[in-house]
Structure formats: C-alpha cells, structure tokens
**Q** 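Take this structure, written in structure tokens, and hold onto it; I'll ask about it next.
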Number of protein chains: 2
Amino acid sequence: MSGTAPRLEDSPKRTQIMDAAAALFIAQGYGAVSMDAIAKAAAVSKATLYAHFRSKDALFATIIREACQSNLTFGAFETHGADTRAALLELGGRMLRFLLEDRALAIHRVVMAESVRFPELGRAFYENGPRTSCGLFAGWLKAQADAGRLRLSDPLRAAEQFFGMLKGSAWGRAALGVPPAPNEAEIDATVASAVEVFLRAYGT
Amino acid sequence: MSGTAPRLEDSPKRTQIMDAAAALFIAQGYGAVSMDAIAKAAAVSKATLYAHFRSKDALFATIIREACQSNLTFGAFETHGADTRAALLELGGRMLRFLLEDRALAIHRVVMAESVRFPELGRAFYENGPRTSCGLFAGWLKAQADAGRLRLSDPLRAAEQFFGMLKGSAWGRAALGVPPAPNEAEIDATVASAVEVFLRAYGT
DNA sequence: GTCTATAGGCCGATAGAC
DNA sequence: GTCTATCGGCCTATAGAC
C-alpha cells in the first residue's frame, strides 16, 4: 500500500457519476435512463462508468440503496415539552411535509416500481424509511403513555394509524402527480384533523 | 356500411393483444416489456400489433387507462343493517383485502411509476380508484351521520382517515414486496383497530 | 388484416491506446 | 483510470406479399 493513493470510492469521477446517476434514476426511474445519458450528465466516458460499476443494474442498486440509507426519515423527536397535542401537531406537520417533498415522492415511486426486480431495494427502503420513522414515533408515543399523557396498548399500531391518517388524500394525489399540489392550508388542516382523531381515540 | 362486418374493436386478434399486453404491462411495467414480448404472448405478429395500436406508448396508455376504469373499487356499500360497528368491520375488511390483491398492488405500482411520463394515467387511476371509493364511503358515512349513528362534520376527510388507517403497515409492506405477506389475522387485527379508533373519534 | 422479413437506431458493454 | 471507437444485439416501427 502506498498509503497516499486516493481510494476508488473518493475519486472525483466516481462522485460525478454517483450524483448524475442519482438525479436521473430518482427522477426518471430505471428503464427511462440510459448509460449514455448518465455518462453525458456526469461528463465522463461510458468506459469510465463501467470501470466504476459492473453494470447498469449494479449502478442502479448502489444509487437507490444509498438513497434509501439517508434522508428517509424526517428528523428528531426530542424536546416537545409537556403539551402532547402541540407536539403531535409539530411532528405531524414535519412528517407530512417531508413525505410530500419531491425527492421523497420520487424515491417512493422508483422503489415501488422496481421492488419486483430488485427486492432488496424494497426492503432497504421500508426498513430505513417507514419502519424506522414508525418505530421512532412509536417509542415517543410509549414515553407519552408511560408519562400518563396517552392511553394506548400498542404504540406501533397507533403510530402506523397516525401516519396513515396524515397521508390521507394529499399524499395519494401527490404521489400520482394529480393536481392540485397540496398547499399549506390543506397540509395544516390534514394534520390538525388527524391529531384530533388520534387524541379522541388515545388521549386521556 | 355492410352492417355485419365485425368492428375493429371486437376482432379476436385485438382481444388477444389487449389481454396479453395487460398481463405483461401490469406485472412488469412499461420499460420491462417489449413489443416483441407482447406479440409473442398474444400469438400475433408485430405488424398486426402495430395495425391495432399506433405505438407502444399508445398501447400502454390504452391498457392502463382501461385497467383504471374497472375493478378499482371494491364493491358495493348497500345493506349493512343498523350496526355501524359491524358494517365498518365488513367494509374495512373488504376494502383492505381488495387493496392487497396482487392485481391492485401491481396497477398501483405501474401507475405511480409512470405517472410522470403519463400524467393522464395518474389522474385516471386516482379518479376511478381512491377518489371514487372514498367518495362512496363518505356518502355512506354521511348517511350514518344523518341517521344519528355517527357524529362527524366532514365525511370525506373521515373516509380518507379510515382508509389511511386501514392501509397502515400491511399495505406499505406489500406494495414494496417486503415479506412477510400480510396474513388473515394481521388483516383482521388492522381492520378491528382502525374501526375502534374511528368509532372513538366519530361514534355517538 | 395478417404475415415474414428487415430497416434503422439506440442500448449495454468492451477493446485497445495512452 | 480514462479516453475514443466500436461491437453485437435488441428495440420500435415499417415495407411488401397475400
């Protein structure tokens, strides 16, 4: 080992390829993106592309797997004071706004579409996205329940129900590209109504 | 007009093409299916295929549009007696089982994936699927409310919340192909819990 | 309308020079 | 590692016989 040679993973060309491929695959999906298009967008030759990635399949799987391992959960759950309703409103608002971001919607579309041919990607997305978020939220709910501010026996199910109500029609429409895009008022109203139902069912 | 000549739409070859193309497109998506594969599966030549459909795009749009115009809602809402809870359990169970069918999941995947390139398909799916089901269910909820068996001010939102809770994690997992496939016990438990939350929030 | 045969192009992947 | 140039194949779509 010479010790100072840059590793393959850090080469600038590889970064260019990863960035370009991520943008294209996430925006357009597997089938609609050619290796020529990726090489052109990354400003490298196709041969360089194949020097770094064995095949189009391997490149796609690497890109999407990495996209699934970051930025798929919507932030922290810390410090929401003693007001459970206010905390739910804040958490719900952040969650729904995250789910409605273009990038999150696009990744969801691509992974769902290709989960048949690339089952590992469906699993990676599920574990790092919905399951992690739900698990964290369920933990928060359990803490609230232990503190006597909620009354529930199955925190994970309650978390899933809350997220399900949040998504409602706004997310379904956005995921299918059906206008109008949800506006702030619709998002706030959806969150507020979900919190209301949740507290009527699980509040003390 | 000779009067007895079979119309193009009724030709047996066309039926073969539509059936084969529907099966392939719904199962594998737009990009993964070639016109050769459709012709072979339909037992016709490619030239015949192009005699009936201008292009692959047009064939795909026709197939998916038709798939969106039928079999995307889960049945009728009639005659559920006076017991609101029992009715919700029955409706919820039918709805969730319908959403978990292979065909419904596959159409959802294909439409969501191609809704960027074929915006009309996203809209057709949304209108004929979720929106129609939600609207019908909201009407049923309103009737229950008018009869004094529920207390809610926004039937459509309540319908969306109920459907959102139904989907929960079982549907998310199934749509991404993540094992284990939901079993009957999980489905029943999900429905029962959603009905419980719904009635605590909106029951009388 | 339906077929066989093929045009014409783009695709994924590679050879070989440097 | 990176390039230019190219291969072989599959793709969409069509020409022409019947």
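Order of the sequence lines fixes the chain letters, A, B, ..., with proteins taken first and strands second; residue numbering starts at 1 for each chain. Every heavy atom of this structure was used, including side-chain atoms; hydrogens, water molecules and symmetry mates were not.
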**Q** Residues in salt bridge (charged side-chain N to carboxylate O under 4.0 Å, His left out) with A:K46, at least two apart?
**A**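 If we apply the salt bridge (charged side-chain N to carboxylate O under 4.0 Å, His left out) test to A:K46, skipping adjacent residues, the hits are A:D36.
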
**Q** Could you note down all residue pairs passing ring-ring contact (aromatic ring centres under 6.0 Å, His included) where residues 101-124 of chain B supplies at least one of them, sequence neighbours left out?
**A**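 The answer is B:Y30-B:F118, B:F60-B:F118, B:H108-B:F125, B:H108-B:W171.
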
**Q** Rounding to a whole Å, what distance do you find between A:F53:CZ and D:dG1:C1'?
**A**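 Distance, rounded to whole Å: 14 Å.
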
**Q** Sort me out a list of protein N/O and nucleotides 12-16 of chain C N/O pairs below 3.5 Å, or just none if empty.
**A**
| from | atom 1 | to | atom 2 | distance (Å) |
| --- | --- | --- | --- | --- |
| C:dG12 | OP1 | A:K56 | NZ | 2.9 |
| C:dG12 | OP2 | A:M35 | N | 2.7 |
| C:dG12 | N7 | A:K46 | NZ | 3.2 |
| C:dA13 | OP2 | A:Y50 | OH | 2.9 |
| C:dA13 | OP2 | A:K56 | N | 2.9 |
| C:dA13 | N6 | A:K46 | NZ | 2.5 |

**Q** Does B:T48 have a side-chain nitrogen or oxygen under 4.0 Å from the phosphate oxygens OP1 or OP2 of C:dC3?
**A**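 True: B:T48 side-chain N/O within range (under 4.0 Å) of C:dC3 OP1/OP2.
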
**Q** Measure the distance from CG on B:L59 to C1' on D:dC11 and round it to the nearest whole Å.
**A**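 From B:L59 CG to D:dC11 C1': 15 Å.
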
**Q** Checking A:Y202 now: which residues fulfil ring-ring contact (aromatic ring centres under 6.0 Å, His included) with it, not counting sequence neighbours?
**A**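 Per chain and number, A:Y202 pairs via ring-ring contact (aromatic ring centres under 6.0 Å, His included) with A:F198.
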
**Q** State which residues pass side chain to side chain donor-acceptor pair (under 3.5 Å) with A:Q144; sequence neighbours excluded, sorted by chain then number.
**A**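 For A:Q144 the side chain to side chain donor-acceptor pair (under 3.5 Å) partners, ignoring immediate neighbours, are A:T84, A:R149.
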
**Q** To the nearest Å, how far apart are B:L49 CG and D:dT14 P?
**A**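 Atom CG in B:L49 sits about 12 Å away from atom P in D:dT14.
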
**Q** Which whole-number value in Å describes the distance from A:K40 NZ to D:dT2 P?
**A**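 Distance check: A:K40 NZ to D:dT2 P gives 21 Å.
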
**Q** Check the distance between C:dC10's P and A:I38's CD1 and give it to me in whole angstrom.
**A**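 The answer, rounded to whole Å, is 17 Å.
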
**Q** Looking at residues at least two apart in the chain, or sitting in another chain, which of them share a salt bridge (charged side-chain N to carboxylate O under 4.0 Å, His left out) with B:D146?
**A**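 Residues passing salt bridge (charged side-chain N to carboxylate O under 4.0 Å, His left out) with B:D146: B:K142.
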
**Q** So that I can tick it off, tell me whether A:E114 and A:R117 are bridged by a salt bridge, with the cut-off set at under 4.0 angstrom between side-chain N and carboxylate O.
**A**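 Yes.
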
